Amino acid sequence: MARRPQRMPRWAYDAAGSRLTEPPESEQLNGWNTNDRPPAQYFNWMFHYHSAWCDYLRGPSLAKWQSDTLPYDTSELTSASLAVDSATTEGTSLVKRNVIAAVDGGGNAVFTSVRAGNATSWTRRTNFTASGTFWRAFFCGPSGSERFWITVDHASAGELLTTAANSAVLSGTGSWTSATLPGGTKGVRAVAYDGSAYWAAVARDTIIATPNASPTSWSAATLGTAVTGTFRDLVWTGTAFLAVTNQGEVYRAGGGSAAAATWTALSAMPPGAADWRFTVGPNGTVLAWAEALGAAADFYTTDDDGDSWTAVTSSPSVEKIKSITFADSVWMAATADAPYLWQSNDATAWTRLKLPYAGATTVYDVAYSEGSWLAARNAFVEVSARAEDIAAGTWAPDPTTSSLGNAGWFRGRALSETAPTNGQVYAWNSSTSKWTPTTVSGASLPSASGANEVPASTGAGTTYSAVTVPALLATISNTRGRLLRRGSSAWESFDASTADTFVGGDGTDVTVRTAAQARASILGPFADAMDGSGWVANTTSGGASATWGSSKLACVCPSGSTASCGTAKTAYLASAQWYDIAARIQVIAGNGSSATRVGLIVGTSASSNVSINLWTSGTVECGHYDGSTFTALAFPAATSSGDRTGGQLWLRISRTPTSVAFSWGVGSAGALPTAWEVIHVSTNATVLLRAGGSRVELFALTTGSIQFEVDFLDLHHALPGGF
Amino acid sequence: MAQHRPTTLPPSGFARALHLSAVARDNAVVWQTAAAEIVESRDTWPEGTQGLSETPADPEGQGWTRLTPS
């Protein structure tokens, strides 16, 4: 079942006529073609009437009626006036919503129902003691405190009966109160409410009013000009009270306390005397009409609260009118002659409605109740089919995508209307600016002659042919032993067939590497960057400093006291068991002193290691340290002054799992020496233990006051065989 | 009679140990006095050396601590 709609579409519902244009007959017959651009006015017309019919069809059906029986007493109703409680919401207890103030064979009576549309839903209420005759019923009042009213006509003693909305029984005793009226008030004819503060009512020759707080005690207002006729009706236009007499006199007062003050006489109704009645329409328009007139007569409308009236001629002529009501955006007229009930959109053009026939029976009054129209007759209330409410809730879109039945455009570009033939595709035709069915030329793949072939061309604009991947590669090289690599600008081959060569990178290309190059890459020597990266400075003493810069470590121990400085790096060596490490040093100042030490430390930690150091007096010393005591292993005289200051002196420590060797040598041009002077080899387990680490430290110190400056120029390490 | 004067040692660690080993080889003794002053004591000093004081005959009896290896 389709979901109940949550919105009522409206389109151009109040547009100027020029904005709605009915499409011509030919277009209504055939519809539109691709590329047509119908004017907006056509769409306005279509959408307006489609939505208008939706709104009309969901409204109460004036073609389908049900007859509710009125249980009159003795004989049928001779008058009936409908009032509807349109304010009270249906809740736990049923609302006595519909009231008819009537006169039947038993006299004044009230017929009431909870909801019309049930054949036996009306109940007759009695025990009304008013001496006058029920005239009309009304329902009005402040929001939340609305009341039913029955005006009672009498030559000298009018009454005004009232009860609160949704009263329990609505019988004469217990439910209705006869309001206290000013002395001498004659038959009361009509009641109206100003929407916020005051009720007003017209009696035969007076006007009375009362505020919200005292609905049952009324006071007299003053007529600015004496009335000559008999008041017949009273309405609130939205901005003013308007009252009319049977002589066509029109009186007006403002809302609030002005209703209890002086009413102003306006110009009389243009035709003069008639049994005038008023009905309020849309936007405060008041329709004036003559009751029960058996001849054609104009209606009159005012939009300025009675200052001026405009004649309206009904078509067809609606005569013998008992009541006119405006509700749900339509005018309804109840008449004493067939068709007994009329409907109009504008109070000008009227449509005859078709009530169920129950003889020739007048419709006395018509009202709108809970989406149905009620038409009160002599023994029945005709009830129309009820309007459909719009559903509450949030619109939930269906996420399922739909296909477009027939697209004329693809992404803003038109599709050609030419039908495609078998195998064609849509291709863009820039000369027609349309996607056009096109046969694809040369689009098929070449036939393969074997497995694993791919299409390949021989040049720009040539036809593709099937070739094998090896055949494609052969276009680069077909020589045994060559490898494919990406060169600086193209794929190329290179010879990798030479024995005992290896393929690797040289920093730029993939190339052949000799065994020596491979050994060097794996074993070393690996040169420190000499930029201090990752080295941590030792705590200094005596104002000494160890500074990285210009690809060297410059150590300075100033004169004036003993001094020391240095720097260390952990996890320096690739292997803690097998290594070679050598440092190149150059004495800058303080050469020739036994109070100087400069050297290299390797080991497990700062408190467990081995070392080799140079005295600038020439001695090269090696030893080991346990965290407390340095134990010298050897300290022969060794280097010459030139060795120490020439910048090519290396100090070296080498370790294997079975021995630690300490040596020095002099190289040239910054390269490692080709020959080394070994000053000591230890196979001692303690020495081996302390040398088994990857931490490296460089240091310089003085044991007396001497200006000692020395540079570390290089630091190389390698795996066995790398040096 | 040995004489001594104040000296500065490197921070505790390898450099201090190497310093003490070096001065010991040079026939000097480094003491920490009872007042926690570090002094270097030699039997002979170069001519004109300033700031010398006489080293007690029994420095340990004076509460001194020997720092150089024996």
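Protein chains get the first letters and strands the later ones, always in sequence-line order, with residue 1 at the start of each. This is a predicted model, so every value here is computed, not measured.
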Visitor: With a sphere of 6.0 Å drawn around CZ of Phe526(A), does it hold more than 12 non-hydrogen atoms of other residues, nucleotides or ligands?
Guide: yes
Visitor: Using a heavy-atom distance cut-off of less than 4.5 Å, which residues of residues 552-583 of chain A contact chain B?
Guide: Ser561(A), Thr562(A), Ser564(A)
Visitor: Minimum heavy-atom separation for Thr702(A) to His19(B), with atom names?
Guide: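 Heavy atoms of Thr702(A) and His19(B) come nearest at O-ND1, 3.7 Å.
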Visitor: Given heavy-atom pairs under 4.5 angstrom as the criterion, report whether the side chain, backbone, both or neither of Thr540(A) touches chain B.
Guide: backbone
Visitor: At a 4.5 Å cut-off on heavy atoms, which part of Arg25(B) comes close to chain A: side chain, backbone, both, or neither?
Guide: side chain
Visitor: If I measure from the heavy atoms of chain A, does Thr8(B) come under 4.5 Å with its side chain, its backbone, both, or neither?
Guide: both
Visitor: Measuring heavy-atom distances to chain B, does Ser611(A) have an atom under 4.5 Å in its side chain, in its backbone, in both, or in neither?
Guide: side chain
Visitor: What is the distance from atom CZ of Phe14(B) to atom CD1 of Ile601(A), rounded to the nearest 0.5 Å?
Guide: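 Separation between the atoms: 4.0 Å.
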Visitor: Non-hydrogen contacts under 4.5 angstrom with chain B: give the residues of residues 612-628 of chain A involved, or none if there are none.
Guide: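 If one takes a 4.5 Å heavy-atom cut-off, the residues of residues 612-628 of chain A near chain B are Asn613(A), Trp615(A), Glu621(A), Tyr625(A), Ser628(A).
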Visitor: Mind checking the OG1-CG spacing from Thr703(A) to Leu9(B)? Nearest 0.5 Å is all I need.
Guide: 10.5 Å
